[in-house]
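Notes for the one structure printed next.
What you see is a predicted model; the values in this text were computed from it and never measured. In the text below, chain A, chain B and the rest are named by the order of the sequence lines, each starting its count at 1.
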Amino acid sequence: MSEEKSLNFIEEIVEADLAAGKHQSIVTRFPPEPNGYLHIGHAKSICLNFGLAQKYGGKTNLRFDDTNPVTEETEYVESIKNDVKWLGFNWAEELYASNYFDQIHGFAVRLIEMGLAYVDDSSSEEIAAQKGTPTQAGTPNIYRSRTAAENLQLFEDMRLGKFADGEKVLRAKIDLASSNMLMRDPIIYRIKHAHHHRTGNKWCIYPMYDFAHGQSDAIENITHSVCTLEFIPHRELYNWFIEKLSIFPSKQYEFARLNMTYTVMSKRKLLQLVQENHVTGWDDPRMSTISGMRRRGYPAAAIREFCDRIGIAKRDNLIDISLLEFCVREDLNKTAVRRMVVFDPLKVIITNYTGEGEILHSENNPEDPNGGTREVPFSKEIFVERDDFMEEPSKKYFRLAPGQMVRLKSAYIIKCDNFVKDANGNITELHCSYIPESKSGSDTSGINVKGTLHWVSAAHAIPAEVRLYDRLFNVEDVAAAEGDFKDYINTDSLTVVPHAYAEPALLQDSMGVGFQFLRKGYFCADKDSTPTKLVFNRTVGLKDTWAKEVKKGA
RNA sequence: UGCCUGAUAGUAUAAUGGUAGUACGACUGUUUUUGGUGCAGUUUGUCUUGGUUCGAAUCCAGGUCGGGCAACCA
């Protein structure tokens, strides 16, 4: 078990800091804004932040970055907590930036007293214009030279609600000529007469991200504040506030956010999909949200493994979603319980089978020697998959065809003797004969067949609905595609099989587990499933080299 | 056009001046009562031009290309 895994650049920084005695132990944080559901990109950040603390014996706080009351809701807070827990992580403390509003307000006052912040009466457009452009310095306005006393009074009046939204803002007084636009006197407090999901109506002024995040990090003694690349320009500001306020010097480090093929990874776009009913909700199994993946049947361990495999670096990336699917299959192959379900039934009559029927046994999981077996009823009439028969088979087709033999999984070898067509030329029935000596487990027939089919006994079959999912978008790089991302939605991303036939064992199974429907893929019971109406989601298909072969031939 | 960032097989990610490796993918073969799984193997790479050096993916300089920055969002 002593596999040496190389460190990512953040782990290297942490190890160097620890080795240098800069910190006794580390503190990280996962800081979502509660304005939407978490997605797989957040999972990467969660695994990184919690993983760092786990690996180096530190702790991780869950901190809600709730500084914008108009977009944030308790529903989101709850879903985020649920998702982090489900992913398998425990936070040291559940914290909120809003817990620190008093302290942050105090920081602002201190800045004003030091002459490093001022109240600006300009409109948002005026401020934008006065900021200049990246190649042109900004210009100061008359408010910039207000005295500390005047600013103190004005800021207090802002807090007391004497002004309307947008009438005034508090700005840090830094450098209007900085090449970093964020240093050109950034707004640090704005007026919002809005109800906050935690502080209610106590405040009508709220700190901006830049005046809340680093401050919260400092208050919590966060040693390594890890965020994504787009915050690189914020680092200069982050450090400026820490220096001027003489608070705990948290350090910000940035890594590249996760992008994945055939999907979107922004809360704004995900919200749009939900609101405009392109999906059924945040937990629609096609969504890249944690809750969607959970509902679809992705194991938490598979998501963690995926996050581990993609690594941490600073280069922009577009990860192939098939890597995630690989991780899901890898996990489920070891754990999923095998069952047989026929999606598109074709009746097979075993003409020489004279018995009443019998109970056969089949292993629950060939990968797990301790997995046990379940009972599978067999009888004269069974269903097989319609595409497991071809009237005129191609040369490498190992399934049923006139005169061709296959094994029925865990049962007998059968031979197709005849088939019946209706008036329209559709095949309605297969007539086969079975080889009595070929019974699974006690086969003395000496016959070797190339194909093995899944099947269900017609008399014992139970109905089930099966939902098949495909990628939500039909272009690889959705974010880079021209125009509206919604133009690329795959309208065939959901296929419902309303009347599949399942083997009866499935009725007794506990529904929290992952299933493999033999030769069909991995499935899980959907939350819509009831004892009288089973509903399953296809988590991911099996690797299908035959389909690939067929495609090549076509 | 200014500033900030980055560039290693198809996709990711290592090698931290000394043999370019790993995973996924693709392709072979093999095993298999899942055309699944497993096993074995093959394949493909240092953006570019110079420089430093015995030796450069790594250090330096120029170029090229990608991403970000001018929200009272985070």
Are any of A:Thr452's side-chain N or O atoms less than 4.0 Å away from OP1 or OP2 of B:U33? no
Inter-nucleotide P distance (B:G45, B:A9), Å rounded: 9 Å
For A:Arg519 and B:G35, is the shortest distance between a side-chain N/O and OP1 or OP2 below 4.0 Å? yes
If you measure from the P atom in B:U22 to the same atom in B:A15, how many Å do you get, rounded? 15 Å
Within the 6.0 Å centroid threshold, strictly below: A:Phe523 and A:Phe515: no
Over-ring placement of A:Lys192 relative to A:Tyr206, 6.0 Å and 45° cut-offs: no
Partner lookup for B:C69, please. Criteria are Watson-Crick or G-U wobble with both distances under 3.5 angstrom; report none if nothing qualifies. B:G2
With rounding to the closest Å, how many angstrom separate the P atoms on B:A26 and B:G67? 28 Å
What is the nucleic acid contact for A:Phe398, judged by heavy atoms within less than 4.0 Å: base, sugar-phosphate only, or nothing? base
Quick one: is the NZ or CZ of A:Lys520 closer than 6.0 Å to the six-membered ring centre of A:Phe343, and within 45° of its axis? yes
Are A:Tyr209 and A:His234 near enough that their ring centres are under 6.0 Å apart? yes
Counting Watson-Crick and G-U wobble pairs only, both distances under 3.5 Å, name the nucleotide matched with B:G50, or none. B:C60
Within the structure shown, what part of the strands sits under 4.0 Å from A:Pro32 by heavy-atom distance: base, sugar-phosphate, or nothing? nothing
Any-strand Watson-Crick or G-U partner of B:U19, both distances under 3.5 Å: none
A:Ile187 near the nucleic acid: base, sugar-phosphate alone, or nothing, with a heavy-atom cut-off under 4.0 Å? base
At under 4.0 Å between heavy atoms, what does A:Arg407 touch on the DNA or RNA strands: base, sugar-phosphate, or nothing? base
Go ahead and name the base partner of B:U32; Watson-Crick or wobble counts if both distances stay under 3.5 Å, otherwise write none. none
Remember a base hit wins even if backbone is also touched, and classify A:Asn317 as base, sugar-phosphate or nothing at under 4.0 Å, heavy atoms. sugar-phosphate
Let's see if you can work this out: which of B:G35, B:A12, B:C4 has an atom nearest to the side-chain heavy atoms of A:Trp546? B:G35
Shortest side-chain distance from A:Lys543, nucleotide among B:C73, B:C69, B:G36: B:G36
Could you check, using the six-membered ring where one of them is a Trp, whether A:Tyr253 and A:Phe9 have ring centers closer than 6.0 angstrom? no
When you measure from the side-chain N and O atoms of A:Lys548 to the phosphate of B:C27, is any distance below 4.0 Å, counting only OP1 and OP2? yes
Provide the distance between the two C1' atoms, one in B:G10 and one in B:U53, to the nearest whole Å. 35 Å
Looking only at the aromatic ring of each residue, does the gap between the centers of A:Phe155 and A:His105 stay below 6.0 angstrom? yes
At 4.0 Å (heavy atoms only), tell me whether A:Leu318 reaches a base, stays on the sugar-phosphate, or touches nothing. sugar-phosphate
Regarding A:Tyr412 and A:Glu437, is there a side-chain donor-to-acceptor distance under 3.5 Å anywhere? no
With a 4.0 Å heavy-atom cut-off, tell me which residues in residues 252-265 of chain A come close to RNA chain B, sorted by residue number. none
Measure from CG on A:Leu182 to P on B:G68 and round the result to the nearest Å. 15 Å
If you look at every strand shown and take non-hydrogen atoms under 4.0 Å, does A:Phe231 touch a base, only sugar-phosphate, or nothing? base
With sugar-phosphate meaning primed atoms plus P, OP1 and OP2, does A:Asp544 contact a base, only sugar-phosphate, or nothing at under 4.0 Å between heavy atoms? sugar-phosphate
Given the C1' atoms of B:G6 and B:G63, what is the spacing between them in whole Å? 16 Å
Inter-nucleotide P distance (B:G51, B:U11), Å rounded: 30 Å
Quick one: does A:Asp544's side chain have a donor or acceptor within less than 3.5 Å of a partner on A:Ala547's backbone? yes
Rounding to an integer number of angstrom, what distance separates B:G25 and B:U42 when you compare their C1' atoms? 14 Å
Tell me what A:Lys192 touches on the nucleic acid: a base, only sugar-phosphate, or nothing, going by heavy atoms under 4.0 Å. sugar-phosphate
Considering every strand and a 4.0 Å limit on heavy-atom distances, what is the contact class for A:Thr545: base, sugar-phosphate, or nothing? sugar-phosphate
Answer for the Watson-Crick or wobble partner of B:G41, both distances under 3.5 Å, is B:C27
Establish, with yes or no, whether the OP1 or OP2 oxygen of B:C73 is under 4.0 angstrom from a side-chain nitrogen or oxygen of A:Arg190. yes
Counting only side-chain N and O atoms of A:Thr67, is one of them less than 4.0 Å from OP1 or OP2 of B:A74? yes
I'd like to know if A:Arg315 reaches the base of B:U13 with its side chain, counting only an N/O donor and acceptor under 3.5 Å. no
Expressed in angstrom and rounded to an integer, what is the separation of A:Leu360 atom CG from B:U33 atom P? 17 Å
For the side chain of A:Arg257 and the backbone of A:Met265, is there at least one donor-acceptor N/O pair under 3.5 Å apart? no
Base, sugar-phosphate, or nothing for A:Phe163, non-hydrogen atoms under 4.0 angstrom? nothing
Tell me if the side-chain of A:Ser410 makes a donor-acceptor pair with the base of B:U33, cut-off 3.5 Å, by modelled atom types. no
Taking the basic N atoms (NZ, or NE/NH1/NH2) and the acidic carboxylate oxygens, is any pair closer than 4.0 Å for A:Glu363 and A:Arg338? no
Report which part of the nucleic acid A:Glu33 touches: base, sugar-phosphate, or nothing (heavy-atom distance under 4.0 Å, all strands). sugar-phosphate
Counting only Watson-Crick pairs (N1-N3 plus N6-O4 or O6-N4) and G-U wobbles (N1-O2, O6-N3), all under 3.5 Å, who is the partner of B:G55? none
So what does A:Leu518 hit on the nucleic acid, given a heavy-atom distance under 4.0 Å: a base, only sugar-phosphate, or nothing? base
